[in-house]
Amino acid sequence: MASARQATRPILQSLHRPEKAIYRLPVRALSTTPPKPAEVESNESTTLSPEQPLPPPSSRNQPARTLRQAIVGSKRRRVALATLGKASIPFEQLPYQCFQEARKVLIADREEKVNLIQRTREKIQRLEATDVAEKGSSVEEKKKLEFNKVIQLSSLRKYLEELKVLADVNDPGVKKRFEDGLGDLNKPIYRYLADRKWRLYRRKLVLQRITQMSVIPDVLPEIDLVADVTMKFGRRKVHPGDWVPSVTSEEPLQINAQVFDHGERLVTIAVVDPDVPDLAKDSFTSRVHAIYANIPISPTDGDVALGKLEKKKEIMSWLPPFAQKGSPYHRISVFVLQNPDNKPISVETAKKQFSKREGFSLRNFVAKFRLHPVGATMFRCAWDEGTKEVMERNGIEGADVQYKVKRIPKLPYKKPKGERFR
Amino acid sequence: MILRRLGAPVRVALSASKSSLSISQCALDFLRVANASTPSPVHTQVRHATHATAGIANGTKNGAGRRLGAKKGSEEYVVPGCIIFRQRGTKWHPGENCDIGRDHTIYATQPGYVKFYRDPLKHKKRKYIGVTFERHWTLPTPPNAPRRRRLGMLAVKMGEDTPEKSVPQQLVDEDAARIAREGKEEGVNIGGGLQSGISADPAIGMTNIRDRARDPFWPWEGPQKPAQDTGGLKMSRNYQYRVSNAEIGRAAQKKGIKVQPFDRSDRWLAWRKTTERLARKAELRAMGKGKKKKKPAVKATA
């Protein structure tokens, strides 16, 4: 037994003090794998995307924003970081033969994919250079050929994007970096992984909230969520469907719209409350709480603070959400709408045509400016102890009005037919 | 080891049986007598029940009917809590502004008009019962349309119980109508509380006052708003809209058509009318109308 204890001592020591033990662990060269192959991910940007356009000017000078803010590492990851720190062994040096053999397979696969990418790129270039219309004899035939070329090009580009993801999707280094929150969202693979992670739970949750609480047929007919929209009031995070006290929502909303496709685009953000009581119609109407247009967002920068935007982007300034006493709870829906063809919409026209807050129809607004809804979320508000003060501070009338349920007169007793009921 | 142990007694027994058979037979008889569990020679049989004697099987077979079915017809006016359909299981499902009870009873959650419909987009086979706020609305509503919701509330100044100024006139009217109705019930004003254009005719006030006084629902005029919408129609006792028989009977009077009083002794007028009628008939016959079509006669072939 004593000999066994002696033998296991270094291992036990390494378990207790991993940071010291790491340097003592002998790296056994059991496999034919070279000690340190070229890193898979590092050369991605050079080999994979010479054709990829430059990042948008806003983020060109500053270092690319990483996923660290968005993704907190898994429990395993956090434990590993806490115990090992920066002294962890890189994958290439791990002394596991099977693992290293598997890596070799993955590297070979990646080579194959990179070759395919090269070939696809060349094919695209060749197709772009050729003038297919020359071959056609008649006008109709030329048109048909042109059309075929467009279709072929679009499918080839789609295939190229798929290949870019496939080349790195099995790389343990990429997976590790993504889980660490070090993924660079300018690269397709990290955008793909982030999108997949979002769709796994958070997108489902938002979709459930906006459909179960009927924001979707009430405010807009339908939506295909492609952007992850998160909300904040100051430092308070607001989850979809949360109840927000009126004091909290007095200051303008902060939004993060995370998109998962390449490039910068212009969006318009609208905050709408579809639950405003309408006594004249004995129904509900909607009120707009904010509209800001032509806001640039990209995968690496989606932060929008409604209170800090320029005046020229403002169609409707922020009006704190409120619910009068007794009225049913108000759903405050937030929509991120993409501008058509990435061009700014006219703020002046919008100001003229949609000058009233009450009775605002987002359907009309979207139709008028041909906007495309990409993201949505919501929160709820009801009358609380702070509402009265908030309404007074912001010059909103009606804090002294209370809603009471109207009594519906019962139908009179109807005498049943027949002799025996006389 | 076991074999060796068994060996000796077996060997003894074999030798004994070899020596005399009768001895062993005696031993068997002795055993038979000694053994108490020997079956008796009397044959006994058990018949198991093939028919249940107790329980549901022999109870009453024809219970009373459960009075299931529709309690309100299509487009009938209902208020919240009104039972629309009683059923076992879900023959009908609750649709818009309806809910389902513990025993699958469908009841209204909003005042309005009952609609029976199917919604293939929601479910392929299910039948739904819904309630619409307006009688002419149809169900199901398109899936992407905004929901039609009713506020059903009054705005009141905080700390007071009186409605705000912004309360629509209709609500005030309803209250007024209710007060008028209650007045009538006390017997203050018998013919005067009748609403809408039809009932304003003084003639109706004069007829059947006695019958109405007996009628427990008479002072009730049904919901106010729909009555105004429907023009000449009036909600009858079973909450259906129709033109009353009395109203149909008064059509000529309203148009100002005057009918000559019949004089039995005026044979000249009678002859003229008869001739006119016969001439009209002859004309119709000539045109091929007002006549039964003759079937072509089938001739029997010889």
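Proteins come first, then strands; the chains are lettered A, B, ... in the order of their sequence lines, and each starts at number 1.
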Legend entry - Greater than 12 external heavy atoms within 6.0 Å of B/Arg150's CZ: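 Atom CZ in B/Arg150 is crowded, with more than 12 foreign heavy atoms closer than 6.0 Å.
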
Legend entry - Donor + acceptor pair across side chains of B/Glu96, B/Thr132 (<3.5 Å):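 Judged by distance alone, the side chains do not pair up.
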
Inset, instruction - Pull out the residues in residues 369-387 of chain A that come under 4.5 Å of chain B, heavy atom to heavy atom, sorted by number. - result: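 When heavy atoms of chain B are the reference, residues 369-387 of chain A contributes A/Trp383 within the under-4.5 Å range.
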
Legend entry - Check: A/Trp318 ring centroid to A/Tyr292 ring centroid under 6.0 Å: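 Between A/Tyr292 and A/Trp318, which both carry aromatic rings, the centre distance is not below 6.0 Å.
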
Legend entry - Ring centers of A/Phe260, A/Trp198 separated by less than 6.0 Å: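 Aromatic pair counts; centres sit under 6.0 Å.
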
Inset, instruction - Decide, yes or no, whether a salt bridge links A/Asp400 with A/Lys388 under the criterion of side-chain N to carboxylate O below 4.0 Å. - result: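 Salt bridge: no.
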
Legend entry - Side chain, backbone, both or neither of B/Pro143 within contact of chain A (heavy atoms, under 4.5 Å):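 B/Pro143 touches chain A through backbone heavy atoms alone.
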
Inset, instruction - Mind checking side-chain hydrogen bond (donor to acceptor under 3.5 Å, both in side chains) for A/Arg331 and listing every partner two or more places apart, or none if nothing turns up? - result: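 Only A/Asp218, A/Asp275 meet the side-chain hydrogen bond (donor to acceptor under 3.5 Å, both in side chains) criterion with A/Arg331.
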
